[in-house]
There are 2 protein chains.
Amino acid sequence: MKVDVSTPKTRRVTLADVAAASGVSKTAVSLILNNRPDSRISEQTAARVRQTANDLGYRPNLAAQSLRFGKTRTLGFISEQVTVTRFASGMITGILRAAKQHDHTVLMAETFGEEPELRQAIAQMSHREVDGLILGFMDSRLRELPGLESEVPVVLVNGHDTQPRTCIMPDEFAAGSTVAHRLQQAAITRVALIGTHRRATLHPESYPSITRRFAGLTQALAAEGIGITGQWELEDWNPSDGFTATRAMLAGNQPPQALICANDRVAMGAYQALAEHGLRPGIDMPVISFDDEDIAAYLRPALTTVRLPYEQMGEKAVELLLGGQLTADEHLVPMPLIERDSLPARR
Amino acid sequence: MKVDVSTPKTRRVTLADVAAASGVSKTAVSLILNNRPDSRISEQTAARVRQTANDLGYRPNLAAQSLRFGKTRTLGFISEQVTVTRFASGMITGILRAAKQHDHTVLMAETFGEEPELRQAIAQMSHREVDGLILGFMDSRLRELPGLESEVPVVLVNGHDTQPRTCIMPDEFAAGSTVAHRLQQAAITRVALIGTHRRATLHPESYPSITRRFAGLTQALAAEGIGITGQWELEDWNPSDGFTATRAMLAGNQPPQALICANDRVAMGAYQALAEHGLRPGIDMPVISFDDEDIAAYLRPALTTVRLPYEQMGEKAVELLLGGQLTADEHLVPMPLIERDSLPARR
DNA sequence: CTGAAAGCGCTTACAG
DNA sequence: CTGAAAGCGCTTACAG
């Protein structure tokens, strides 16, 4: 079916058209449509002009407005990779929602963690004169950000620059107490930690999120009087790592009453190791975790976990960018507990 | 730390600045920088102008160019929901990559499947005069698309309109032969189908992808001489559905040699049911599936599956949009077999 | 071969 | 109270 569906551009209705159609000047139309209070045009004319504008389907040309104002009502979002986990997609959702509320649109770019790509994306967005730039990172490693000398306001999400910047982070430290408290409510007194993170342990300042997650956890567990039977260091946080570590833990002679997993993928591996060992996850061995990725809901029993609040972080970024004065503060966003079925009820 | 990091806008370098700095007219600078061949300016002057432009860090103002040309070098991508599965995020990656290659940027909006949101997003993007619009859908249900009377070229990804449109679909029918052929290579002669889709069975024309997936499958299985021991109809395609169906299948008396699962989530549920039944997925019971979501790689053994080529579909959309004449054709993108560990080797 | 001028669609300071 | 004019930064048809 060779139907040509590329429609030829029909000329758009302009301010001049509205002016002509309603028999007043462009100035008047502009004043009326923008509700300028200073110059009082008769309400009758105003109503008539508004009506014609509406009838004609007039929409101001944004390119013209941008040229006039030097503002584009556009925000840029640059992320490392959108396909991996909920990380970027969650931020996108939050950013889009908040941007829409403020009548802004958002431009996207992906860097795959490569510095030249980042630099190029920043240049491109500055070039398009976005009103603000949001940089999203998958892990919160401290890094030196290139190409940020431009004059556009910047907010970092889930990351830090070596320069002072506005940034938004999940409140990992508080998440630790959330978990410890929930465990206490289930009357659990001995837990195993599957696992810590090798590189983060070696360079804590480079991995603020991971470091805070475990600092919060150990401090809160102690405060709740919950003992740690052991903690397994992992190279990475994939199911296979969780599987191996949990297997090693089960081979030991210090059985815990529950497992705290570093993240949901680790928990998935832990489930597999428990099953292999004849232990029903969540029943014979309660499990709690961090992140709330998609798989958390798919697991059987569904996994109770503390959510990384990507959407809220994205929203917050927009609010800060559009809300006026930007200061080089770190903003913490709370991590909610997502209660599912892998933990005994509170008592 | 209250450092103000909102930098005041320093005036951008304009064409006029370059002209003044190099002692020629704006016309000349424009001609030179755009490599207009017609008017031959001395190569010496040209070089000097290019040099000053570079030194000054001149970048043409896009708003001005847009105003002049009525083109924005911007594409719009509207999707239902970006947080769910790889669906939208994969398309985004493909779209961004292709757009970058053509020196375009992309604007995003999310509709959550709501018609008013869709209508609004389309209006907003037309208003911003995107050069093309990509509409991405999560399931390929036939639907009536509102607000598309605008003059902007449109491509549908993973969906159809009641109007003739350019659209891009995965080649589900061919995927059926891919699966059947792979099974034949593993010397499998009897399979169970977990499961079909109730609504798709009732309204095949509304669910082209699902319908094609199973049509391709049954036809190819027959061609390869592989028998179907049974097929289980599912209300939905989540792990719990796969679990229930597989359990029912296992209770029957027609044991298959392999399972074909409707998608990876169904396969995840099948794994759980198999394990419960003391059967090792992939070893005692080979499994093959469709989609290649994240979980496919996490499962143990990792799942062999036929990938939904979202990235390629996104790329293709951009190519079509920017490649000139748009015709109301359906473009089929091949679905590659992702070989992992849930199927015996080929013989 | 090169420059002055007009115009894309808007807004606003300035006259009338 | 209302309109003509200038200008945002670019490109191109038109004179010189």
Side-chain angles (χ1 to χ4, degrees), chain A residues 9-50 52-53 56-74 103 126-129 131 151, chain B residues 9-50 52-53 56-74 103 126-129 131 151:
Chain A
K9 286 248 177 206
T10 73
R11 213 177 64 78
R12 267 176 70 137
V13 177
T14 82
L15 193 96
D17 298 331
V18 179
S22 45
V24 295
S25 73
K26 293 193 302 167
T27 308
V29 178
S30 175
L31 257 25
I32 292 165
L33 263 26
N34 292 304
N35 296 311
R36 285 276 169 285
D38 39 342
S39 154
R40 246 176 305 146
I41 293 164
S42 81
E43 191 40 59
Q44 191 182 331
T45 333
R48 184 163 44 90
V49 169
R50 261 188 272 272
T52 12
L56 263 42
Y58 170 70
R59 311 249 47 200
N61 178 316
L62 279 174
Q65 287 188 320
S66 299
L67 186 55
R68 188 73 235 277
F69 291 130
K71 290 256 169 207
T72 53
R73 303 196 77 76
T74 302
D103 193 27
S126 315
H127 177 200
R128 298 200 92 108
E129 302 204 77
D131 297 335
E151 67 273 34
Chain B
K9 287 246 175 206
T10 73
R11 211 179 64 76
R12 266 176 70 139
V13 177
T14 82
L15 194 96
D17 296 332
V18 179
S22 44
V24 297
S25 72
K26 293 196 300 168
T27 307
V29 177
S30 175
L31 256 26
I32 291 164
L33 263 27
N34 292 304
N35 296 310
R36 285 277 166 286
D38 39 340
S39 153
R40 245 176 306 147
I41 293 164
S42 82
E43 191 39 60
Q44 193 180 331
T45 331
R48 185 162 44 89
V49 168
R50 260 188 272 272
T52 8
L56 263 41
Y58 170 69
R59 309 248 49 200
N61 179 316
L62 278 174
Q65 288 187 322
S66 300
L67 186 55
R68 190 70 236 277
F69 292 128
K71 291 258 167 205
T72 53
R73 303 197 75 77
T74 302
D103 194 26
S126 314
H127 177 199
R128 300 202 89 109
E129 304 205 77
D131 298 333
E151 68 271 35

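Scope of the values below: all heavy atoms of this structure, side chains included, with no hydrogens, waters or symmetry mates.
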| message | With a 3.5 Å distance limit and no angle check, can you tell me whether B/Thr52 reaches the backbone of B/Val49 through a side-chain donor-acceptor pair? | response | yes

Give each protein N/O atom lying under 3.5 Å from an N/O atom of nucleotides 6-10 of chain C, with the pair distance.
residue, atom, partner, partner atom, Å
C/dG9, N2, A/Ala64, O, 3.4
C/dC10, OP1, A/Tyr58, OH, 2.7
C/dC10, OP1, A/Asn61, N, 3.0
C/dC10, OP2, A/Leu15, N, 2.3
C/dC10, N4, A/Lys26, NZ, 3.2

Taken to the nearest whole Å, CG/A/Leu62 to C1'/C/dT11 is 14 Å

When both distances are under 3.5 Å in a Watson-Crick or G-U wobble arrangement, the nucleotide paired with D/dC1 is C/dG16

Rounded to whole Å, CD1 of A/Ile32 lies from C1' of C/dT11 at a distance of 14 Å

**Prompt:** Side chain of A/Thr27, base of D/dA4: donor and acceptor closer than 3.5 Å?
**Reply:** yes

In short, A/Arg12 meets A/Asp17 closest at the heavy-atom pair O-OD2, 3.7 Å

In terms of heavy-atom contacts, B/Arg50 and B/Leu33 come closest through CG-CD1, 4.1 Å

Checking A/Thr74 side chain against A/Thr72 main chain: does a donor-acceptor pair fall under 3.5 Å? yes

Rounded to whole Å, the NZ-P distance (B/Lys71 to D/dT11) equals 16 Å

Taken to the nearest whole Å, CG/A/Leu31 to C1'/C/dT11 is 9 Å

Open item on the list: Looking at A/Ser22 and A/Val18, would you say the former's side chain and the latter's main chain have a donor-acceptor pair under 3.5 Å?
Closed with: yes

Nearest heavy-atom approach of A/Asp131 to A/Arg73 is OD2-N, 2.7 Å

